[in-house]
Structure formats: C-alpha cells, structure tokens
Amino acid sequence: MTAPSPPTNSVAAQRTSVVVVGAGPAGLTVGNILRAAGLDCLVLETETRRFVERRPRAGVIEEWAVRGLERRGLARNLLERAQPHTECEFRFAGERYRFAYTELTGRHHFIYPQQFLVTDLVREYADVRGGEIRFGVRDVRLHGLDSGRPSVSYVCPDSGERRVVTADFVAGCDGARGVTRASLPPGRARLARHDYGVGWLALLAEAPPSSDCVVFGMHPRGFAGHMARSPEVTRYYLQCPPDDDPDGWPHERVWAELRQRLGAAGAPPLQEGRLIEKRVLDMHSYVVEPMTFGRLFLAGDAAHLTAPIAAKGLNLALHDAFLLGDGLVARLTTGDDSGLSGYSDTCLTRVWDYQEFSQWLAEMYHGTASGDPYRAGAALARLRRLFSSPVAAAEFAERYLGARTTG
C-alpha cells in the first residue's frame, strides 16, 4: 500500500522529472528515452550493477522490438552480436519437423541474452547519456501517487540515510516482487492469474548449441526445450512438477532426460557440458489491470508476467517501455498527455494477445505428457496441422514472431 507521505526524518528532497524504480530492460529503456530527450530522471535499483549485468534471463527478442531499440539508438551492440534465427524445430512422435517462419512472414527472431542487453542499456544510460542511477538502494517506498507531486524514498546503501526524491511521475519497472506493484491502493487493481499446473526445470549448460535453431520436444515424459544463448552456452528446459527440487536433478539425470525427450530420427547427439544454472520455474502468468494509478505507471513484470512458454516476457517489457518513455517525453516536453492516457489500454491489447498465445502453445507443449488421452490427441492434432495447413502455419508464424502489430 502507498505510504501516505514522505518520512520526516530524511534528508532534503531531491527533485527530478521521473523516478524509475528498477534497472531491468523496461526501466533502463524508459530512462534512455528520457535522457535522449534531455529530460532528467533517476533510476533506483536494489541490486548491484554487477548483479544486473550478469543475471541470466530471456534471450529471444522479436524483430519489431529490435527495430524499436534501433530507432532509439539502443541496438548497436545487439545488431552486431545477436544471432538471427529464421526457423525452429518441433520434435514429436520420434520425428523432426522444421518450421521456417521467416519464409512465411519475412521476419525473424534475434537471440541476444538479456544480461547483454541490460549491460548495453546501463552503459548507454549512465556512461553515455549521463543518466543518474543508484544501485544497492534499500527499503524503497512510494508516496503521494494520487497527488500532482509524488515522491519516492529509499535508504542510501552508503550513508544509511533515508532520502526522498520528488517527481512528476513514477515508472514502476521493478518486476513481480517489487515495491511498485505492492504499493497499489487496495481495490484499485484487478489481478488476473493463470496457473499451468506444471514446472519447468530451467538449465544453463556450458555447452555449444546442439542445433542451429530453437528446438521444442513434445514427449510423453514431458516437454523439453533447447535454445542457444551463445556459441558456448545453451539454455534447456525440462517439464517437471511445479514444486520439484532442482537438487534432485544431477548431471546424469538431466542429460539422460534431455536425450530422451529431444530424441528424434536423424537428430544430432546433444553437446553435453557442465550445468551452471538449475532452477524450477513455477509456470504461471498474471495481468494487472489497469497499469496506471495516479502518477504511477507500471511496465514489464510489475504489470504482467508471461510464463516463458512463448518467450514473450522481455518483448512485452520493451513494448511497455517504448510506449511509456515516448508518452512521458510528450507530456513533459509539450504537455501532450495522449500517450500516457492511452498507455494502459494500448499495452494490455498486446499483453492479452501474447497471454492467449502462450496458453494455446502450453497445451500443445504439455498435452502429450498430461496422462489424458484426449488432451494428448488434441495436442498432436495441433502439431500436425502446422505442417499440413498453410493457413495454420501462417497464423502460427505471425503469432510466434509477434508480427501482427509493429513495435
């Protein structure tokens, strides 16, 4: 719940146009857009710079999102280093099926680990554009969001003093467990949540990719996924119970299960390597409506979480950030508030489109392992339709790439 007023035992308040809470892709993109327009802002982050620049997360970026970064001068390293992907591969019933989505749409995916993008955005914001950012802050609180003069207070990690920053607007970009979402007034937000009833064991392996594209394996033992992250590191997923213990998955068990679930006629053997990350993801999604509350605007996982079934989370965060950054610039430089007034509705249109696609795809991924013959049969029917119906293939490619609307 929002604190009613700033604390009285703090140092004199600082003044800025926008306080951005959270130094992830959404927050840093908003900050960069503001700095490019010559506007002052402050980014607050509870973790260290080293931590946020090394935290492994998503890696699939849709082409419209890359073009949006490029237009804002934020994609130079990405365009030089990212791997373009034009196909994916489905493996089911012991066979391999290549799906060439670029041939159908003229668009492709970029593979660029999120920590690389965050590193680029931090450097551009702080080192190039002179943006103010404070890492390692503690006990962030929001005040006066319904007033024309909101503020954010935090404890400085160096001095231990509580500091107050007043602003015109607050951008809540601090994720699912952040303070901004927790500060929403009771009764002002609707939270829609969906649980998929499964977990994914998320793995990072020090091993070169075993395929030149993303691979999805649908197997009676459960879903498996293969996604390149770099020439030396590969992301894998294994479907598991949502409360599973990652320690129950030693090296040999992981690789044996991956070999079985990703096995198919003519498939090359997996390139095995040391597992450098193991964690179980509770597969669920949620949407907060609306995404605005007074002078607070939520973006990214603070407003909506999309399970990594369709690799949509990072892309939605960037879409929010483009709209929010541009809307704030228009409001603060010309007084045009049309972008901010339409922000929530415009964002949620894409959010719900991606949520629905993720739900559809989840049934195709998990149905064969459900133990329900009806669900298994329906999942296989969906898979076969992709390779027998040009209309179904084109529809899937469009949704998989987020190509229905531009960024």
Side-chain angles (χ1 to χ4, degrees), residues 24-25 46-48 50-61 83 88-89 91 111-119 175-177 195-211 213-263 267-285 301 305-314 317 358 361-362 365-366 368-370:
T46 58
E47 301 290 354
T48 66
R50 177 182 173 85
F51 181 88
V52 300
E53 291 183 343
R54 291 172 175 255
R55 175 171 46 193
R57 284 294 182 267
V60 177
I61 310 181
Q83 307 169 47
C88 61
E89 184 172 297
R91 297 181 184 176
I111 304 300
Y112 194 63
Q114 181 172 309
Q115 65 268 30
F116 293 179
L117 177 62
V118 167
T119 298
R177 299 179 181 85
D195 289 286
Y196 288 95
V198 301
W200 277 13
L201 179 67
L203 306 154
L204 273 181
E206 276 187 342
S210 300
S211 173
C213 69
V214 172
V215 179
F216 307 112
M218 278 61 69
H219 192 277
R221 294 182 63 85
F223 170 80
H226 162 287
M227 294 89 176
R229 284 294 178 264
S230 74
E232 300 83 22
V233 175
T234 305
R235 167 72 76 188
Y236 286 99
Y237 291 112
L238 282 169
Q239 182 181 339
C240 65
D243 57 352
D244 213 348
D245 183 357
D247 291 336
W249 288 86
H251 180 97
E252 288 303 324
R253 184 187 178 194
V254 165
W255 288 106
E257 204 66 29
L258 285 170
R259 286 193 297 270
Q260 187 165 15
R261 298 189 195 184
L262 292 174
L270 295 183
Q271 299 286 328
E272 299 185 18
R274 184 172 70 94
L275 298 172
I276 56 178
E277 181 189 73
K278 288 190 299 183
R279 56 194 177 99
V280 173
L281 307 178
D282 178 9
M283 300 297 282
H284 69 276
S285 299
D301 286 359
L305 179 70
T306 306
I309 291 164
K312 297 297 188 183
L314 172 58
S358 295
L361 195 58
Y365 285 170
H366 305 134
T368 53
S370 65

**Request:** Determine, step by step, whether Trp255 and Leu275 satisfy the side-chain contact (heavy atoms from CB on, under 4.5 Å) criterion, reporting the C-alpha distance in whole Å, the side-chain angles of both residues, the deciding distance to 0.1 Å, and the verdict.
**Result:** CA-CA 10 Å; Trp255 288 106; Leu275 298 172; 4.1 Å; yes
**Message:** With a 4.0 Å cut-off on N to O distance, would you call Glu257 and Arg261 a salt bridge?
**Reply:** yes
**Request:** State, with a plain yes or no, whether a side-chain heavy atom of Ser211 is found less than 4.5 Å away from one of Pro209.
**Result:** no
**Request:** Check whether any side-chain heavy atom of Met283 sits under 4.5 Å from a side-chain heavy atom of Pro308, and report yes or no.
**Result:** yes
**Complete:** Taken in chain and number order and not counting sequence neighbours, the residues that satisfy salt bridge (Lys or Arg N to Asp or Glu O under 4.0 Å) with Arg259 are Glu272
**Item:** Polar side-chain atom of Arg279 near backbone of Ala202 as donor-acceptor pair, under 3.5 Å
**Value:** no
**Item:** Check: Ile61 and Leu314 side chains under 4.5 Å, non-hydrogen atoms
**Value:** yes
**Asked** How many angstroms lie between CZ in Arg253 and CG in Leu201, if you round to the nearest 0.5 Å?
**Response** 8.5 Å
**Item:** Criterion side-chain contact (heavy atoms from CB on, under 4.5 Å) on Leu258 and Leu238, from CA distance to verdict
**Value:** CA-CA 7 Å; Leu258 285 170; Leu238 282 169; 3.6 Å; yes
**Request:** Measure the spacing between CG of Leu361 and NE2 of His366 and express it to the nearest 0.5 Å.
**Result:** 8.5 Å
**Asked** Can you find a heavy atom in the side chain of Arg229 that is under 4.5 Å from one in the side chain of Leu204?
**Response** yes
**Fill in**
Interatomic distance, SG@Cys213 vs CD@Gln83, rounded to 0.5 Å, equals 11.5 Å
**Asked** Does Val254 reach the side chain of Tyr236, with side-chain heavy atoms less than 4.5 Å apart?
**Response** no
**Item:** Interatomic distance, Arg221 atom CZ to Thr368 atom OG1 [nearest 0.5 angstrom]
**Value:** 12.5 Å
**Item:** Lys278 side chain to Trp249 backbone, donor-acceptor under 3.5 Å
**Value:** yes
**Request:** Go through the steps for Arg55 and Gln114 under the test side-chain contact (heavy atoms from CB on, under 4.5 Å), then give the verdict.
**Result:** CA-CA 8 Å; Arg55 175 171 46 193; Gln114 181 172 309; 5.7 Å; no
**Message:** The criterion is ring-ring contact (aromatic ring centres under 6.0 Å, His included); which residues satisfy it with Tyr365, sequence neighbours excluded?
**Reply:** Phe216, Phe223
**Complete:** Heavy atoms of Ala362 and Ile309 approach each other most closely as CB-CD1, 3.5 Å
**Prompt:** Can you tell me if Thr234 uses its side chain to pair, donor with acceptor, with the backbone of Ala205 under 3.5 Å?
**Reply:** no
**Prompt:** Looking only at heavy atoms, which two atoms of Pro208 and Gln271 are closest? And how far apart?
**Reply:** O-CB, 3.5 Å
**Gap between atom CD of Gln239 and atom CG of Leu281 - 0.5 Å precision** = 12.5 Å
**Asked** Of the non-hydrogen atoms in Ala307 and Ser285, which two are nearest, and what is the gap between them?
**Response** N-OG, 3.1 Å
**Request:** Give a yes or no on this: more than 12 heavy atoms of other residues, nucleotides or ligands lie within 6.0 Å of atom CZ of Arg54.
**Result:** no
**Prompt:** Does some side-chain heavy atom of Pro113 sit less than 4.5 Å from a side-chain heavy atom of Gln115?
**Reply:** yes
**Asked** Angle class for the Phe116/Tyr112 ring planes (parallel below 30°, perpendicular above 60°, tilted otherwise)?
**Response** perpendicular
**Asked** Under 3.5 Å, is there a donor-acceptor pair between the side chain of His226 and the main chain of Ser210?
**Response** yes
**Message:** Any non-hydrogen side-chain atom of Tyr196 less than 4.5 Å from a side-chain atom of Pro242?
**Reply:** no
**Message:** Tell me the closest heavy-atom pair linking Gly273 and Ala207, and the distance in Å.
**Reply:** N-CB, 3.8 Å
